[in-house]
Undergrad: 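Let me give you the structure first, and then I'll get to my questions.
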Amino acid sequence: MKIERAEVIVTSPNRNFVTLKLTTDDGLTGLGDATVNGRELAVVSYLTDHVVPLLLGLDAHRIEDTWQFLYRSAYWRRGPITMAAIAAVDMALWDLKGKAAGLPVYQFLGGASRSGMMAYGHASGKELPELFDSIREHQELGYRSIRVQPGVPGLKAIYGVASNTGLAGNEGVRYDHEPAQRGVMPMLEDWDTRAYLRHVPTVFEAIRAEFGAELPLLHDGHHRMTPLQAAAFGRSLEPYDLFWLEDCTPAENQEALRLVRQHTTTPLAIGEVFNTIWDFQALIKEQLIDYVRAASTHFGGISPLKKVMDYAAQYQIKSGCHGPTDISPVGFAAQLHVGLAIHNFGIQEYMQHGARTNATFEQSMTFVDGFLHPGERPGLGVELDVDEAGKYPYVTAYLPYNRLADGTVHDW
Ligand code: CS2
Ligand code: MG
């Protein structure tokens, strides 16, 4: 099974996606996701100019060897662009191996450890009534766990709080234009950490009063706090029993988590912006987090994702893979196969793709009663309709950013 053709396909059905398609000499095709939100064309160049020429003629069965070759031979290690490009190759090779053997990928990772994976959806709203409606909408869709992002009095626009209402509004693409906005400049939002820290606990108190003690609730701090602020925030949320607090501090400084950890028992999740197992080294070894947020697409693919989750398992740390709409259906399927197989699965984020995206990427994945399953189709279980993809050329789109009242750029 030799790689005969490698194509990089860019499509923007509801948002931009970069997909690698490998074809072997026996006519099998494998897909990999290389989407880096807001920097898509950099990965296209990395793949087209520097990876595709190296792949032609290689034995498609040699997944680990190909991964090590791409990682080590480049000399320049890590980083989102490099690791997304390697991820796409890794996923496509797993897809091919599955198709060649007639087995879904999870069977190569140890087989199923469960019958389905609990997913969480994103509820948001500027005011409480809108937020409660959003939580109910998600419950009606089957979600049993909910991430909550409320508005903050005095702030106009906050990342993670959807600006339009109705989950199925605009062709089911409410999530697809949020967070990345189509346009040539990132959208400007505002931020005030003290107002946020005062307000959010009152929101969780109201949610517990309305929805009861049982519903698992999550919250994303989006790297905005200092260690001291995060420690106090985690403590103020303890009465509301969160499933997790995500990205409380910018975690490139892993030491910050030691301080946060000493002061709060609110579970912590980190790692959607990480690219390698090394980024998690201190966080896992010192048990500074409870959930690993890596995504197959930004972490070098299925092979390293399985490795980091196995490492985390030794410390009772669980998976909580990043699953926003900027992970394409291919990347999403890849991590569902890992999640089904590992023993230490925790939860899977699941924002839903828009209708045009689902028509472009045909998927075997299912979401029933709040539980995800990758399906039984050989390989990853995703096929790309190339004609459909060709209808939607790349559109410039950027994530937003924010500034404080005095104009200083802040973490968003
Ligand atoms: C978010 C994402 O899903 C999440 O937890 O943090 O919306 C993230 O900001 C985007 O995927 C960035 O591309
Ligand atoms: Mg996040």
Side-chain angles (χ1 to χ4, degrees), residues 12 14-18 33-43 80-81 83-84 87 119-124 134 138 143 145-150 157-163 173-182 186-187 189 191 196 200 216-225 230 242-252 267-275 279 283 289-299 319-329 331-332 335 346-354 357 372 395-402 410-412:
S12 193
N14 296 113
R15 68 177 314 137
N16 295 314
F17 295 114
V18 179
D33 178 24
T35 308
V36 176
N37 202 1
R39 295 292 184 272
E40 295 87 354
L41 300 183
V43 201
I81 306 302
M83 299 313 289
Y120 74 88
H122 288 202
S124 69
S134 176
H138 283 82
Y143 286 101
S145 310
I146 314 261
R147 182 183 99 159
V148 172
Q149 302 299 123
I158 304 180
Y159 180 76
V161 182
S163 49
V173 293
R174 164 171 156 163
Y175 287 149
D176 281 83
H177 287 282
E178 188 277 327
Q181 300 286 330
R182 294 177 174 209
M187 223 179 65
E189 299 182 340
W191 187 247
Y196 166 80
V200 174
L217 296 171
L218 303 85
H219 178 71
D220 191 347
H222 234 266
H223 330 267
R224 292 167 182 139
M225 287 165 267
L242 262 60
F243 186 97
W244 80 32
L245 169 61
E246 176 188 341
D247 285 338
C248 57
T249 56
E252 48 267 50
L268 302 175
I270 285 199
E272 67 180 44
V273 298
F274 290 175
N275 335 113
D279 302 321
L283 299 184
I289 56 170
D290 301 279
Y291 295 92
V292 168
R293 288 281 289 147
S296 57
T297 305
H298 304 128
F299 203 72
S319 72
C321 290
H322 192 208
T325 52
D326 44 288
I327 303 293
S328 90
F332 194 68
Q335 57 200 29
I347 199 167
Q348 173 62 57
E349 180 180 23
Y350 178 43
M351 290 171 86
Q352 306 201 3
H353 285 116
T357 299
L372 291 156
V395 181
T396 306
Y398 288 113
L399 287 156
Y401 77 113
N402 70 38
H410 188 68
D411 291 302
W412 58 271

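Both counts, for ligands and for their atoms, begin at 1 and track the order of listing. Worth knowing before you read on, the calculation uses all heavy atoms, side chains too, and leaves out hydrogens, waters and symmetry mates. Counting from 1, the numbers follow the sequence of the chain as shown.
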Undergrad: Run through the protein N/O/S atoms less than 2.8 Å from the Mg ion (ligand 2) and write them out by chain and number.
TA: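 Those protein N, O or S atoms (cut-off: under 2.8 Å from the Mg ion (ligand 2)) are D220 OD2, E246 OE2, E272 OE1.
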Undergrad: Report yes or no: do D33 and T297 form a side-chain donor-acceptor pair below 3.5 Å?
TA: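 Short answer, yes.
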Undergrad: Indicate, as side chain, backbone, both or neither, the part of L399 found under 4.0 angstrom from ligand 1 when only non-hydrogen atoms are considered.
TA: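 Side chain only.
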Undergrad: Any nitrogen or oxygen of W412, side chain or backbone, less than 3.5 Å from one on ligand 1?
TA: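 So ligand 1 has no N or O lying under 3.5 Å from an N or O of W412.
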Undergrad: Enumerate the atoms of ligand 1 whose separation from the nearest heavy atom of E246 is less than 4.0 angstrom.
TA: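 Answer for ligand 1: 5 (O).
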Undergrad: Compute the centroid of each ring, for Y196 and then for W191, and state whether the two points are separated by less than 6.0 Å.
TA: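 Yes: the rings meet the under 6.0 Å criterion.
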Undergrad: Between Y401 and W412, is the ring centre distance below 6.0 Å?
TA: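 That pair fails the under 6.0 Å test.
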Undergrad: Taking only residues two or more places apart in sequence, or in another chain, which ones meet H223 in a ring-ring contact (aromatic ring centres under 6.0 Å, His included)?
TA: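 None.
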Undergrad: Walk me through it: do I327 and H298 pass the test side chain to side chain contact (heavy atoms under 4.5 Å, CB included)?
TA: CA-CA 9 Å; I327 303 293; H298 304 128; 3.6 Å; yes
Undergrad: Between I347 and F243, does the side chain to side chain contact (heavy atoms under 4.5 Å, CB included) criterion hold? Intermediate values first, please.
TA: CA-CA 10 Å; I347 199 167; F243 186 97; 3.8 Å; yes
Undergrad: Select the closest option to atom 4 (C) of ligand 1 among R39, E349, M351, judged by heavy-atom distance.
TA: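 Of the listed residues, E349 has the closest heavy atom.
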Undergrad: Between the side chains of R15 and T357, does any donor sit under 3.5 Å from an acceptor?
TA: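 Side-chain D/A pair, R15 to T357: absent.
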Undergrad: Assess R147 for proximity to ligand 1: is some non-hydrogen atom of it under 4.0 Å away?
TA: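 The answer is yes, since R147 has a heavy atom less than 4.0 Å from ligand 1.
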Undergrad: Show which atoms of ligand 1 fall inside a sub-4.0 Å distance from at least one heavy-atom site of Y159.
TA: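 So the atoms of ligand 1 that pass are 2 (C), 7 (O), 8 (C), 9 (O), 10 (C), 12 (C).
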Undergrad: Considering the heavy atoms of D220, write down every atom of ligand 1 situated less than 4.0 Å from one of them.
TA: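 Counting from 1, the qualifying ligand atoms are 1 (C), 4 (C), 5 (O), 6 (O).
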Undergrad: Show the atoms of ligand 1 that are less than 4.0 angstrom away from any heavy atom in P324.
TA: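 So the answer, numbered in order with elements, is 3 (O), 11 (O).
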Undergrad: Distance under 4.0 Å to a non-hydrogen atom of N37: what atoms of ligand 1 satisfy this?
TA: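 Per the distance check, 12 (C), 13 (O).
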Undergrad: E40: which residues meet the salt bridge (Lys or Arg N to Asp or Glu O under 4.0 Å) condition with it, sequence neighbours left out?
TA: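 Partners of E40 by the salt bridge (Lys or Arg N to Asp or Glu O under 4.0 Å) criterion come out as none, since no residue qualifies.
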Undergrad: Of all residues at least two apart in sequence or in a different chain, which pass the salt bridge (Lys or Arg N to Asp or Glu O under 4.0 Å) check with R293?
TA: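 So R293 forms a salt bridge (Lys or Arg N to Asp or Glu O under 4.0 Å) with E246, E272, E349.
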Undergrad: Do the side chain of H138 and the main chain of H122 share a donor and acceptor less than 3.5 angstrom apart?
TA: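 Checked: pair present.
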Undergrad: Are the aromatic rings of H353 and F17 close, with centres under 6.0 Å apart?
TA: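 Yes, the ring centres sit under 6.0 Å apart.
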Undergrad: Show the atoms of ligand 1 that are less than 4.0 angstrom away from any heavy atom in R293.
TA: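 Here the atoms of ligand 1 in question are 3 (O), 4 (C), 5 (O).
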